[in-house]
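We count ligands from 1, going down the list as the structure has it; atoms in each ligand are counted the same way.
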Amino acid sequence: MESDFLKWLSDRLAAHKSVALGPGDDAAILQLAASGRCVVTTDLLTDGVDFRLSDVSPRRIGRKALAVNLSDLAAMAAEPTAAFVSLALPRDGALQLAKELYEGLLPLADKYRVAIAGGDTNTWDGPLVISVTAIGTPSARGTLLRSDARPGDRILVTGCFGGSILSKHFDFEPRVSEAMTLHKNYELRAGMDVSDGLSLDLARLAQASGCGAVLDTSAIPISPDAIKLSQQLADGLSPLDHALADGEDFELLLAAPSREAKRIVRDQPLDVPVTMIGEFVEQPGLWTKGQGGNLQILQPKGYEH
Ligand SMILES: [Mg+2]
């Protein structure tokens with residue numbers, strides 16, 4: 001199966017300026033930027049854990065496998081360059097499944113000019129496993145880490161939150177161009193992508209930076225799907241609860257100095273809204289302001305792996 005598949009795939013792959021040697025040899029050779037640094041991330045998706053092949057089209061699975069990696073590169077403000085795709089396919093219908101995964105993945109790779117520079121394809125008696133490793137190139141301004149927020153910095157987010165299980169968790173747009181635009185034109189201090197829940201990921205970013213965060217819960221952009229999900233489930237969780245705790249929003253969570261944050265919010269330089277939802281403080285932990293302005297602890301909630 002593998003040689004048929006490689007033939008099919010090689011016809012689909014275009015030349016790419018960063019790939020000095022693509023699939024076909026023992027390893028690929030990448031030509032990266034002169035800065036000498038590259039950003040590497042990897043994600044593994046398994047049938048039965050991250051998706052159900054019986055419920056979702058392979059195209060959406062293939063697309064998502066690349067998109068989650070691009071979201072992590074965006075979180076670091078790195079331009080996606082190349083990706084390596086490894087598949088463990090159930091034996092029955094393996095070739096067809098492999099092609100469909102790629103039919104979902106390749107248009108996204110094209111859109112963000114990511115070279116598929118290599119990978120591996122096997123069949124076995126187990127479920128579908130798809131692993132993507134993506135390589136990115138930092139801009140001249142360097143990378144964006146989780147650990148550089150400072151007390152007084154404002155908390156910014158792109159887009160809106162909650163209810164992604166209704167569709168966005170498969171079809172989200174990785175915030176690549178948004179991250180590059182903000183990083184290029186404004187001073188950002190720290191960032192990550194929100195994959196496990198806004199409150200949990202914010203608590204992680206604050207902890208990595210050795211500070212705390214105060215959320216203005218009234219400012220959090222709540223997605224229409226969070227409202228819909230809250231009504232559908234009728235489990236007592238409000239749309240805000242969903243926005244704070246649901247996983248897989250894949251939006252950017254950023255720290256910026258107060259003046260820069262205000263400038264970004266005023267300029268609205270992206271196709272998606274950027275919203276200020278609070279600030280970083282010296283006191284460790286996650287907080288909200290109660291009536292009268294005193295701080296109340298907010299229990300971070302989200303998806304723990
Ligand atoms: Mg991430």
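At a cut-off of 2.8 Å, Asp201 does not coordinate the Mg ion (ligand 1) through any N, O or S atom.
Minimum-distance N/O/S atom of Asp72 relative to the Mg ion (ligand 1): OD1. Of all N/O/S atoms in Asp193, OD1 sits nearest the Mg ion (ligand 1).
Outside the 6.0 Å centre-distance limit, the rings of Phe51 and Phe170 are not counted as a close aromatic pair.
Between Gly104 and Arg63, the shortest heavy-atom distance links the atoms O-CB, 3.4 Å. The two atoms that bring Cys38 and Pro138 nearest to each other are CA-CD, 4.3 Å, heavy atoms only.
Counting heavy-atom neighbours within 6.0 Å of Arg60 CZ, excluding the residue itself, gives a total above 12.
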